[in-house]
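Letters go in sequence order (proteins before strands), and every chain restarts at 1. Since we're looking at a predicted model, the values are computed, not measured.
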Number of protein chains: 2
Amino acid sequence: MSTAAGSTRPDRAAETRQVIMAAAERLFAEHGLSAVSSRQIAEAAGQRNVTAVSYHFGSRPGLVRALMARHGEQVDVLRERHLRTAAGSTDVRDWVDCLVRPTSEHLAALGTPSWHARCAAQVMTDPTLRVLVIDEALTRPPLTRTLEGLHRCLAHLPSQVLAERGDMARQLIVHTCAERERALAEGTAPPHTSWERTAGSLTDALVGLFTAPVS
Amino acid sequence: MSTAAGSTRPDRAAETRQVIMAAAERLFAEHGLSAVSSRQIAEAAGQRNVTAVSYHFGSRPGLVRALMARHGEQVDVLRERHLRTAAGSTDVRDWVDCLVRPTSEHLAALGTPSWHARCAAQVMTDPTLRVLVIDEALTRPPLTRTLEGLHRCLAHLPSQVLAERGDMARQLIVHTCAERERALAEGTAPPHTSWERTAGSLTDALVGLFTAPVS
DNA sequence: ACTGGCCTAAGTCAATCGACTGAATTACTG
DNA sequence: CAGTAATTCAGTCGATTGACTTAGGCCAGT
């Protein structure tokens with residue numbers, strides 16, 4: 001029987017993948033995306049083989065994609081829950097909550113220090129990896145449904161303005177969370193800082209951003 | 001006489017510095033900060049010596065600092081002008097204009113394609129270069145005066161909220177301009193896109209962000 | 001118990017990196 | 001015209017990188 005007792009055998013690779021991803025995420029957040037070599041990742045993951053990354057993920061972009069996909073799935077679960085409570089609402093704030101809260105809750109669940117927010121910010125700014133992740137993110141059903149709900153509340157805005165403000169919201173969420181994560185990890189955060197509070201500030205700001213009059 | 005006729009002699013180094021900075025900026029924007037080596041920069045600048053960067057700028061961080069400082073000075077000039085017209089105003093929009101317009105005007109003056117906005121976004125996200133540039137930027141008098149003016153309009157907000165929203169504004173301006181610059185350079189921008197329009201959208205959004213009610 | 005397939009370890013290769021050294025070129029200065 | 005300091009060029013060094021190949025270890029099913 002291979003019931004409990006930790007893991008059945010074929011999990012060894014999956015475990016190694018997890019270890020590598022955790023190490024990569026930390027190094028990416030600390031030193032920047034392209035400043036970290038595959039060797040360093042493998043070494044930090046306790047793998048004495050320098051080919052570990054390319055074996056398990058094919059390439060560095062493959063690793064990044066796996067990294068983002070894993071968090072994306074977990075955020076999706078949380079977003080589904082928020083979507084159920086926001087269903088049918090015509091209040092912008094409810095839909096902004098669906099945008100912000102899943103991310104902040106996921107980061108809170110990761111504990112401190114976490115690295116994903118900073119890693120995601122790195123990926124978003126990287127000229128080559130940007131596209132790879134953006135269109136993958138935009139095809140996630142819970143996110144597109146959130147945007148649809150938001151658009152229904154803001155139907156009075158020109159579509160181009162809506163698109164612009166959506167982009168701004170994305171930038172704002174990603175980079176604000178990254179900065180907050182760094183402050184939390186470095187211990188330089190102002191008192192009373194928490195992911196809960198961050199989500200609140202972000203939501204307030206985004207509601208203002210989306211409902212601002214168009215000149 | 002060495003009046004006209006281009007340049008007096010000691011300018012040779014200054015000229016080379018400019019060429020190197022232009023090449024570096026382009027490569028940084030296209031491939032990411034740490035993905036570009038000093039050698040590649042020197043080569044792209046037409047320098048056959050691989051030591052050109054370290055000779056003229058001491059190090060790679062030195063080059064980045066010089067890059068940011070040069071644009072910072074030019075933006076400062078534009079910001080001074082806006083500050084004169086906004087002086088004494090109690091309208092948030094006037095001060096947001098002082099925040100946004102100098103940047104957009106500077107980018108517009110650079111022509112298309114430009115690379116500075118994307119380069120700046122890279123620097124802002126880099127774990128090591130971030131601090132190097134942020135505190136230098138925050139010590140620029142025209143910027144601090146703008147923030148003071150903004151704070152006077154928003155005195156009713158708790159100081160921590162003010163600080164948070166200031167950070168968000170910074171992120172928003174830098175990354176929105178970077179994304180717009182990329183769209184313009186790649187020709188994938190929607191019609192009617194211009195720095196003028198970008199500034200307008202950004203200003204609307206930021207006014208909404210700053211004046212949003214605190215929950 | 002054996003065997004076959006998945007996973008990890010170990011070693012190698014050319015290419016490239018940053019830093020360093022010294023010589024050649026340049027254009028002002030006396 | 002020669003001297004001088006600044007700038008550019010050319011070549012080298014050890015270290016590191018990604019990609020590749022081969023050998024070893026481990027578990028599952030039979």
Side-chain angles (χ1 to χ4, degrees), chain A residues 1-24 27-28 30-67 122 126-129 132, chain B residues 1-24 27-28 30-67 122 126-129 132:
Chain A
M1 312 301 172
S2 61
T3 48
S7 55
T8 64
R9 267 331 119 230
D11 291 359
R12 205 159 55 119
E15 241 172 77
T16 304
R17 280 174 60 97
Q18 293 299 323
V19 174
I20 291 178
M21 285 164 78
L27 291 174
F28 286 160
E30 284 179 349
H31 304 111
L33 219 39
S34 52
V36 180
S37 68
S38 298
R39 292 172 113 92
Q40 292 174 307
I41 296 171
E43 189 177 356
Q47 297 289 312
R48 303 205 221 182
N49 182 11
V50 295
T51 18
V53 170
S54 73
Y55 178 82
H56 286 283
F57 300 95
S59 61
R60 267 169 53 93
L63 169 59
V64 173
R65 183 190 285 273
L67 223 38
Q122 293 282 336
D126 186 279
T128 59
L129 296 175
L132 182 144
Chain B
M1 311 302 175
S2 60
T3 48
S7 56
T8 62
R9 264 338 114 229
D11 292 358
R12 201 161 54 123
E15 241 172 77
T16 305
R17 280 175 59 98
Q18 294 298 323
V19 174
I20 291 178
M21 285 165 78
L27 291 175
F28 286 159
E30 283 178 349
H31 304 110
L33 260 178
S34 51
V36 180
S37 68
S38 298
R39 294 171 114 93
Q40 291 173 308
I41 297 171
E43 188 177 357
Q47 297 288 312
R48 302 203 222 182
N49 183 11
V50 293
T51 3
V53 170
S54 73
Y55 178 83
H56 285 283
F57 299 95
S59 60
R60 266 169 52 95
L63 168 58
V64 173
R65 183 189 285 274
L67 223 38
Q122 293 282 337
D126 187 278
T128 59
L129 296 174
L132 183 145

_Interface residues of residues 35-51 of chain B with DNA chain C (non-hydrogen, below 4.0 angstrom)_ = S37(B), S38(B), R39(B), Q40(B), V50(B), T51(B)
*asked:* Nearest whole Å is fine: how far is dC6(C) P from H56(A) NE2?
replied: 13 Å
*Would you give the length of the straight line joining atom CG of L33(A) to atom CG of L27(A), rounded to the nearest 0.5 angstrom?*
11.0 Å
*Would you give the length of the straight line joining atom NE2 of H31(A) to atom CG of D126(B), rounded to the nearest 0.5 angstrom?*
10.5 Å
*asked:* Let me confirm one number: the CD-OG1 distance from Q18(A) to T16(A), rounded to the nearest 0.5 Å.
replied: 10.0 Å
*May I ask you to evaluate whether Y55(B) reaches the phosphate of dT7(D), defined as a side-chain N or O under 4.0 Å from OP1 or OP2?*
yes
*Could you list all the side chain to side chain donor-acceptor pair (under 3.5 Å) pairs where at least one residue sits in residues 49-61 of chain A, not counting sequence neighbours?*
N49(A)-T51(A)
Atom pairs and distances, donor-acceptor, side-chain atoms in residues 38-45 of chain A, under 3.5 Å, two or more places apart:
unit_1	atom_1	unit_2	atom_2	d
Q40(A)	OE1	S37(A)	N	2.9
Q40(A)	OE1	S37(A)	OG	3.4

*To the nearest angstrom, how far is R17(B) atom CZ from dT8(D) atom C1'?*
16 Å
*Rounded to whole angstrom units, what separation is found between the CD atom of E15(A) and the C1' atom of dC26(D)?*
14 Å
_Contacts of A66(B) that satisfy side chain to side chain contact (heavy atoms under 4.5 Å, CB included) - sequence neighbours left out_ = R17(B), M21(B), F57(B)
